[in-house]
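A quick write-up on the structure given underneath.
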Amino acid sequence: MSHSHTTADLTAARAVVRHHAQLAAVLDRHVRRLLEATENSDDVRAQDVRTDLLGWLREELLPHADAEETALYPVAAERAEAALLIRGMRAEHRAITDLAAELDATTEPVRLAATARALAAVLAVHLAKENELIVPLLVDAADVSLAALLDGVHDLLGSSKSAGGCGGACGCGGDAATTEAPAPVLTIDPRLDVRLLPHDRRHSTVLAALDAVPVGGALVLVAPHAPRPLLAEIEARYRGDMHAEWLQDGPDTWQVRLSRQPDLA
């Protein structure tokens with residue numbers, strides 16, 4: 001295996017793991033909202049969250065699972081050491097699909113919350129196996145190129161060829177920029193690069209990731225435009241608990257460090 005092949009595969013592996021983290025974070029956010037609505041006996045809010053969750057499942061999670069079944073699992077299953085694992089992973093996909101169907105079939109808030117929580121638990125275990133077992137297996141295989149397997153299969157990476165600079169198409173008012181513009185590493189904090197995400201998923205993905213940031217922690221948002229509307233939404237949501245520090249202000253890439261402030265009350 002050549003060095004360039006190894007580098008490309010490691011880059012592809014990091015992209016898959018990063019997308020897995022985004023999927024888990026978004027689902028966890030939906031679950032928290034359902035639980036809060038149920039605890040507050042807010043049936044209207046519960047139905048709104050259910051609608052959003054079902055849309056996300058149809059548009060993001062289930063297509064991701066289908067892409068894995070098509071692009072990754074057949075190759076991994078050819079290896080004797082992974083055949084039984086892949087059989088189990090496919091069974092977990094069926095469980096995820098069944099739970100999504102159960103969410104679609106019920107409107108009762110308590111059942112919605114319980115089913116969504118079960119879905120999040122199954123997905124967490126499933127993604128851990130993919131990150132820790134399947135992806136490394138394919139990266140280490142001398143006769144397999146993970147980068148080539150992922151080429152064009154955008155549901156595995158949460159991106160599409162049309163998801164470049166927004167140019168105002170998403171209603172954010174941002175400037176157009178290329179998704180391939182360099183984004184230098186400016187801090188040791190984890191980074192969330194939303195440039196390859198569909199426009200209508202960027203804000204929800206960032207908010208879900210921020211919900212998981214502990215007090216004193218931070219993440220760096222990498223964006224294709226100045227994310228001022230998103231920062232205003234963050235300010236309104238966290239009411240001063242999330243500090244924004246501009247690290248890179250264009251012209252092709254914008255980076256903002258978002259840190260959760262301690263409660264001094």
Side-chain angles (χ1 to χ4, degrees), residues 16-39 41-79 81-135 137-138 149-150 153-160 197-198 200-201 204-205 208-209 211-212:
V16 171
V17 172
R18 182 169 60 248
H19 184 46
H20 285 168
Q22 292 167 348
L23 290 173
V26 173
L27 179 55
D28 285 345
R29 182 164 173 249
H30 284 302
V31 171
R32 284 196 299 273
R33 287 177 166 179
L34 267 176
L35 290 173
E36 290 170 359
T38 302
E39 290 169 357
S41 299
D42 189 343
D43 291 355
V44 173
R45 176 61 173 159
Q47 298 312 314
D48 288 342
V49 177
R50 170 183 177 271
T51 298
D52 290 343
L53 174 55
L54 287 172
W56 177 78
L57 290 172
R58 296 186 186 109
E59 296 170 12
E60 297 287 341
L61 185 58
L62 296 181
H64 176 86
D66 288 342
E68 288 175 337
E69 296 264 2
T70 301
L72 299 185
Y73 286 8
V75 178
E78 291 176 355
R79 282 152 172 74
E81 67 271 27
L84 290 177
L85 172 62
I86 294 301
R87 184 184 301 177
M89 300 297 282
R90 286 177 168 139
E92 288 173 1
H93 275 173
R94 291 193 293 273
I96 288 170
T97 301
D98 289 344
L99 288 168
E102 187 174 337
L103 284 169
D104 195 21
T106 185
T107 59
E108 202 280 316
V110 173
R111 285 193 61 189
L112 286 172
T115 304
R117 186 67 191 89
L119 176 59
V122 172
L123 182 65
V125 173
H126 184 77
L127 295 181
K129 291 177 185 176
E130 288 179 343
N131 292 344
E132 298 169 13
L133 299 174
I134 295 178
V135 171
L137 173 73
L138 295 175
L149 291 177
L150 298 181
V153 188
H154 303 295
D155 284 321
L156 288 172
L157 303 176
S159 64
S160 67
L197 293 178
D200 61 349
R201 294 297 173 187
S204 62
T205 300
D211 283 345

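- Under a 4.0 Å N-O distance rule, the pair D104/R58 qualifies as a salt bridge.
- With a 4.5 Å cut-off on side-chain heavy atoms, E130 and V16 do not count as touching.
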Please evaluate residues E102 and R111 with respect to the criterion side chain to side chain contact (heavy atoms under 4.5 Å, CB included), reporting the C-alpha separation (whole Å), side-chain torsions for both, the decisive distance (0.1 Å), and the verdict.
CA-CA 9 Å; E102 187 174 337; R111 285 193 61 189; 3.6 Å; yes

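- Within 6.0 Å of CZ in R87 there are 12 or fewer heavy atoms belonging to other residues, nucleotides or ligands.
- I134 is listed as a side-chain neighbour of M89, based on a closest heavy-atom distance under 4.5 Å.
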Is there a side chain to side chain contact (heavy atoms under 4.5 Å, CB included) between V26 and E60? Walk through the geometry before answering.
CA-CA 10 Å; V26 173; E60 297 287 341; over 6 Å; no

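- No side-chain heavy atom of H30 sits less than 4.5 Å from a side-chain heavy atom of L34.
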Verdict with reasoning, L137 to E81, per side chain to side chain contact (heavy atoms under 4.5 Å, CB included)
CA-CA 10 Å; L137 173 73; E81 67 271 27; 3.5 Å; yes

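- Side-chain contact check for E68 and H64: at least one donor-acceptor pair (N or O, by modelled atom type) lies under 3.5 Å.
- No donor-acceptor pair under 3.5 Å is formed between the side chain of R117 and the backbone N or O of V31.
- Below 30°, between 30° and 60°, or above 60°: for H93 and H126 the angle between ring planes is between 30° and 60°, a tilted geometry.
- One distance of note links OG1 of T51 with CG of L103; it measures 11.5 Å at 0.5 Å rounding.
- Here the side chains of L119 and T115 are not in contact, with every heavy-atom distance at 4.5 Å or above.
- Looking at S204, its side chain does come within 3.5 Å of a backbone N or O of R201 through a donor-acceptor pair.
- L127 is not listed as a side-chain neighbour of V17, based on a closest heavy-atom distance of 4.5 Å or more.
- Atom CZ of R18 sits about 12.0 Å away from atom CG of N131, to the nearest 0.5 Å.
- Proximity of T107 to Q47: side-chain heavy atoms (C-beta onward) are separated by under 4.5 Å at one or more points.
- Here the OH-CG distance, from Y73 to L149, works out to 13.5 Å after rounding to the nearest 0.5 Å.
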